[in-house]
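The structure appears below as structure tokens.
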Amino acid sequence: MMVMLVFRAVVFTICTVEGDVLSPLLMKGDRVLVNRWSYGLRVGSDGGIIGYSRVGRRTVSRGDLVAFENPQNTSQVLICRCVALPGDTIEHNGEQMAVPGLVNCAGRDHYWMQALGNDSIGDSHTLGFISEELIIGRVTTIVYSHDPAAPFWRGWRRDRTLLSL
């Protein structure tokens with residue numbers, strides 16, 4: 001039991017897709033595997049005894065499916081595709097903006113995360129730039145999927161079991 005808790009806390013975690021912001025790639029009810037080491041293991045936090053850092057830090061790549069904590073509610077995990085990296089310039093609402101990074105003294109690298117579907121409630125259109133500190137890891141696999149509207153004994157999507165992303 002203890003080994004499994006450490007494994008989930010340090011190596012991988014499983015998140016449930018609750019919306020359709022990444023449809024058709026991810027569906028409501030998918031259980032996805034998130035690799036916590038893909039961008040380096042998060043250690044500490046800005047407000048904690050140990051300041052924020054990453055062990056084995058690697059940068060997010062454009063196009064990655066990224067799991068991150070909602071900046072407005074850190075107990076909620078969101079999944080989006082990274083479309084802009086620190087130093088990139090993007091256009092949002094007709095205005096050109098530079099994605100902040102360490103080169104312009106922002107303190108943390110930031111990323112522009114975007115949903116695939118029409119619902120942009122959980123992406124950078126409404127949340128703004130996502131700080132590296134909030135990033136949990138890269139989404140790698142759909143472990144299994146169950147239609148949440150179906151009864152437990154039905155609704156299993158076998159074609160979405162162990163599907164690499």
(message) If we ignore hydrogens and angles and just use 3.5 Å, is the side chain of T141 paired with the main-chain N or O of V143 as donor and acceptor?
(response) no

(request) Among M97, Q96, E95, find the one that has a side chain to side chain contact (heavy atoms under 4.5 Å, CB included) with I90. (result) M97

(request) Could you check if a side-chain atom of L25 sits within less than 4.5 angstrom of a side-chain atom of R81, using non-hydrogen atoms only? (result) yes

(request) Calculate, to the nearest 0.5 Å, the distance between atoms CG and CZ belonging to N35 and F12 respectively. (result) 4.5 Å

(request) Kindly state whether the ring of W153 and the ring of H146 have centres lying under 6.0 angstrom apart. (result) no

(message) With heavy-atom distances below 4.5 Å as the criterion, would you say the side chains of S164 and T140 are in contact?
(response) no

(request) Dump the intermediate steps for side-chain contact (heavy atoms from CB on, under 4.5 Å) on L78 and D123, then the final yes or no. (result) CA-CA 8 Å; L78 303 172; D123 73 1; over 6 Å; no

(request) With sequence neighbours excluded, tell me which residues meet salt bridge (Lys or Arg N to Asp or Glu O under 4.0 Å) with R31. (result) none

(request) Rounded to the nearest 0.5 Å, what's the gap from CD1 on I142 to CD1 on I14? Could you check? (result) 12.5 Å

(request) Check P148 against G29 and note the closest heavy-atom contact, atom names and distance. (result) CD-CA, 4.0 Å

(message) With rounding to the nearest 0.5 angstrom, report the OG to CZ distance, S145 to R157.
(response) 3.5 Å

(message) Whether the side chain of S124 engages the backbone of W112 through a donor-acceptor N/O pair (distance < 3.5 Å, no angle test) should be reported.
(response) no

(request) Would you mind reporting whether V66 and V139 have side-chain heavy atoms less than 4.5 Å apart? (result) no

(request) Working to the nearest 0.5 Å, report the span between CG of L65 and CG of L165. (result) 6.0 Å

(request) Using the side-chain contact (heavy atoms from CB on, under 4.5 Å) rule, take R160 and M27 through it: C-alpha gap first, then chi angles, then the decisive distance, then the call. (result) CA-CA 10 Å; R160 299 184 66 76; M27 299 170 65; 3.5 Å; yes

(message) Which residues pass the salt bridge (Lys or Arg N to Asp or Glu O under 4.0 Å) test with R138, not counting sequence neighbours?
(response) D64

(message) Restricting to non-hydrogen atoms, name the atom on S61 and the atom on C82 that form the minimum distance, rounded to 0.1 Å.
(response) O-CB, 3.8 Å

(message) Please check: side-chain N/O of R36 versus main-chain N/O of V34, any donor-acceptor pairing under 3.5 Å?
(response) no

(request) Apply side-chain contact (heavy atoms from CB on, under 4.5 Å) to T89 and V99, showing your working. (result) CA-CA 6 Å; T89 301; V99 180; over 6 Å; no

(request) Output yes when a side-chain donor or acceptor of R158 lies under 3.5 Å from a complementary backbone atom of Y144, and no otherwise. (result) no

(request) Can you measure from CZ (F68) to OH (Y39) and round to the nearest 0.5 angstrom? (result) 11.5 Å

(request) Considering non-hydrogen atoms only, spot the tightest contact between F152 and W156 and give its length. (result) O-NE1, 2.8 Å

(message) Restricting to side-chain contact (heavy atoms from CB on, under 4.5 Å), what partner residues turn up for V17, sequence neighbours left out?
(response) L26, D30, V32, I79

(message) Quick one, R57 with D109, criterion salt bridge (charged side-chain N to carboxylate O under 4.0 Å, His left out). Give me CA distance, side-chain angles, the key distance, then yes/no.
(response) CA-CA 12 Å; R57 182 179 187 272; D109 285 336; 2.6 Å; yes

(message) The test is salt bridge (charged side-chain N to carboxylate O under 4.0 Å, His left out); show your working for R62 and D88 and say whether it passes.
(response) CA-CA 11 Å; R62 192 176 287 107; D88 287 353; 2.4 Å; yes

(message) So, taking the atom named CD1 in I130 and the one named CD in Q114, what distance separates them when rounded to the nearest 0.5 Å?
(response) 12.0 Å

(request) Specify the closest pair of heavy atoms between A115 and C80, including all atoms of both residues, with the distance to one decimal. (result) N-SG, 4.2 Å

(request) State, to 0.1 Å, how close P86 and P100 come at their nearest heavy-atom pair, and which atoms those are. (result) CB-O, 3.7 Å

